[in-house]
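Heads up: the structure comes next, in C-alpha cells.
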Amino acid sequence: MIKAVLIDDEPLARSIVAEYLKSYPEIKIVQECNDGFEGLKAIGHHKPDLVFLDIQMPKINGFEMLELIEEPPAVIFTTAFDEYAIKAFEAHAIDYLLKPFSKERFDKALGKWLQQHRSAEPPARLPQDLRQPEEAHRIVVKEGSNIRILPVSEVVYLEAYDDYVKIFTVKEMFLKKKTMNYYEQSLDPLQFIRVHRSYIIRLSSITRIEPLEKDTHVALLKTGVRIPLSKTGYNKLKLALGL
C-alpha cells in the first residue's frame, strides 16, 4: 500500500485530489490537512510515501513546512500561483499541478512518480537555493518541538556552522540547515551584506569598523559582537556604507 497525505487549506482542492486518487486503489489517503503545521504532524506520524502539497497556505507555506522535515517524502505540488518558479519545479521536484488541473494532467504527474517509486529511484528534491518571496521577510525556525516564525527584522547577523547556519538576534540564536549562499541570495542586499565567507551582517547593526592587523578589519556590532571582515567584505562594506 502507498500512503499519501493531502495538505491544502482549500477543502475543494483536497476533494478533487481525493476523487482523482480513486483511480489508484494501491494509494491510500492516510490524512487530509488544512495547513502546514497539521501537515508536519501528519508526515511525522504516518511517514507517507507521497504528499500532495499546496504552496500558499496560512501560518507557514509549503516550502517552509518542508524545511522542517529532515527527510521529506516525495512531493507533488498543487498551486493556484504560477509565480513560484514553475520551471524550476518541473526540473527538480516530482511535478507541479497548476490549479485548476485536469484528471489527465493529474495522471501524468502521478504516473511520473509511480514510475520512480516502482523502480526504487530516489525522489527529486527542491534545490536548496530556490528563493521564495516570504523568505525575504521571515525565517521558520525550531525551538525544541515548537515552531517559530522569526521576522528577518530581528536578525542581527548570520554565521556559518558546518552544514548549518547560526542565526543571531539580539538575545537568541537559532540553527538552520541551509547554506550561507542561500541566505546571501535570499536576504535583502540593501539590509544585509556578506562580509566574510562565514558571516553576513545587518548593515544597521554596525556601530563602527576597526583596524585589526595589517590590512585587516573587524566590524563592531551594537550587541558588542566583533565580526572579522575579509578584504573583499571590507571593500563591499565600505561601498555599501558610502565610505
Side-chain angles (χ1 to χ4, degrees), residues 55 60-61 63-70 72 83-93 124-143 147-243:
I55 296 174
I60 59 174
N61 65 38
F63 296 106
E64 292 169 331
M65 188 207 76
L66 289 177
E67 280 186 31
L68 301 171
I69 304 171
E70 287 294 328
E83 70 240 30
Y84 289 98
I86 295 300
K87 290 183 180 179
F89 297 166
E90 201 156 40
H92 297 282
R125 298 300 185 200
L126 283 174
Q128 288 297 304
D129 61 351
L130 189 61
R131 178 179 176 180
Q132 294 308 319
E134 291 88 347
E135 293 170 5
H137 307 289
R138 67 187 197 179
I139 301 171
V140 177
V141 295
K142 274 188 175 182
E143 290 182 302
I147 298 167
R148 176 172 166 185
I149 296 176
L150 178 68
V152 167
S153 59
E154 294 183 11
V155 176
V156 177
Y157 71 99
L158 301 91
E159 180 183 357
Y161 183 70
D162 291 332
D163 294 331
Y164 293 80
V165 171
K166 291 181 178 180
I167 302 172
F168 290 87
T169 66
V170 172
K171 296 181 180 179
E172 300 171 284
M173 185 276 289
F174 304 94
L175 277 177
K176 283 285 288 187
K177 195 171 179 61
K178 289 285 187 181
T179 65
M180 293 295 281
N181 286 339
Y182 172 86
Y183 282 113
E184 185 178 17
Q185 295 172 18
S186 297
L187 294 171
D188 184 353
L190 297 178
Q191 297 185 54
F192 291 89
I193 188 166
R194 189 167 185 175
V195 296
H196 188 279
R197 63 178 298 183
S198 298
Y199 293 95
I200 296 173
I201 60 179
R202 176 185 288 278
L203 288 171
S204 61
S205 69
I206 301 171
T207 58
R208 64 179 181 270
I209 299 172
E210 300 177 343
L212 187 60
E213 296 175 358
K214 185 179 180 181
D215 296 328
T216 62
H217 297 80
V218 295
L220 181 63
L221 307 187
K222 293 177 182 177
T223 56
V225 175
R226 296 165 66 87
I227 303 292
L229 307 178
S230 67
K231 289 184 179 180
T232 301
Y234 175 60
N235 290 329
K236 286 165 58 179
L237 190 55
K238 286 200 303 180
L239 184 62
L241 296 174
L243 301 176

Margin query: List the residues meeting ring-ring contact (aromatic ring centres under 6.0 Å, His included) with F192, not counting sequence neighbours, and say none if there are none.
Written below: none
Next item on the list: Could you walk me through whether M65 and I69 pass the side chain to side chain contact (heavy atoms under 4.5 Å, CB included) test, one step at a time?
Entry: CA-CA 7 Å; M65 188 207 76; I69 304 171; 4.0 Å; yes
Check: Do any pairs count as a side-chain hydrogen bond (donor to acceptor under 3.5 Å, both in side chains) and have a residue in residues 160-169, sequence neighbours left out, and if so which ones?
Finding: none
Next item on the list: Search all heavy atoms of I193 against all heavy atoms of A240 and return the closest pair with its distance.
Entry: CD1-CB, 4.0 Å
Checklist line | Contact summary for I209 and L241, nearest pair of heavy atoms | finding: CD1-CD1, 4.0 Å
Next item on the list: State the CD-CD1 distance between E67 and I60, to the nearest 0.5 angstrom.
Entry: 9.0 Å
Check: Between the side chain of S198 and the main-chain N/O of A160, is any donor-acceptor distance below 3.5 Å?
Finding: no
Notebook entry, point to check: Rounded to the nearest 0.5 Å, how far apart are CG of L229 and CD1 of I201?
Noted result: 6.5 Å
Next item on the list: Determine the interplanar angle of the Y157 and Y199 rings, folded into 0 to 90°, and report it as parallel if under 30°, tilted if 30 to 60°, perpendicular if over 60°.
Entry: tilted
Check: If you take all heavy atoms of V165 and K178, which pair is closest and at what distance?
Finding: CG2-O, 3.5 Å
Checklist line | Interatomic spacing from CG in L187 to CD in Q185 - rounded to 0.5 Å | finding: 10.5 Å
Note to self: For a quick test of reading the model, state the closest non-hydrogen atom pair linking D188 to L190 and the distance between them.
What the structure shows: OD1-N, 2.9 Å
Next item on the list: List for me each residue that meets side chain to side chain donor-acceptor pair (under 3.5 Å) alongside R202, sequence neighbours excluded, and say none if there are none.
Entry: Q191
Checklist line | Where at least one partner belongs to residues 190-201, residue pairs that pass salt bridge (Lys or Arg N to Asp or Glu O under 4.0 Å), sequence neighbours excluded | finding: E184-R194
Note to self: For the CG atom of N181 and the CD1 atom of I200, what is their distance to the nearest 0.5 Å?
What the structure shows: 8.0 Å
Notebook entry, point to check: So, do P211 and H217 sit near enough that their side-chain heavy atoms are less than 4.5 Å apart?
Noted result: yes
Notebook entry, point to check: Between F168 and T223, does a side chain to side chain contact (heavy atoms under 4.5 Å, CB included) hold up when you go through it step by step?
Noted result: CA-CA 10 Å; F168 290 87; T223 56; over 6 Å; no
Check: In Å and rounded to the nearest 0.5 Å, what is the CD1 to CG distance from I206 to L237?
Finding: 4.5 Å
Note to self: Once rounded to the nearest 0.5 Å, what's the spacing between atom CD1 of I55 and atom CG of N61?
What the structure shows: 8.0 Å
Check: Given the rule in the side chain to side chain contact (heavy atoms under 4.5 Å, CB included) test, do R148 and E172 qualify, once you have shown the distances and angles that lead to the verdict?
Finding: CA-CA 12 Å; R148 176 172 166 185; E172 300 171 284; 2.9 Å; yes
Margin query: If you compare all heavy atoms of K176 against all heavy atoms of V140, which two are closest, and at what distance to 0.1 Å?
Written below: NZ-O, 2.7 Å
Check: What residues, two or more places apart in sequence or in another chain, satisfy side chain to side chain donor-acceptor pair (under 3.5 Å) together with E210?
Finding: R208, R226
Check: Taking only residues two or more places apart in sequence or in another chain, which ones pass ring-ring contact (aromatic ring centres under 6.0 Å, His included) with F174?
Finding: none
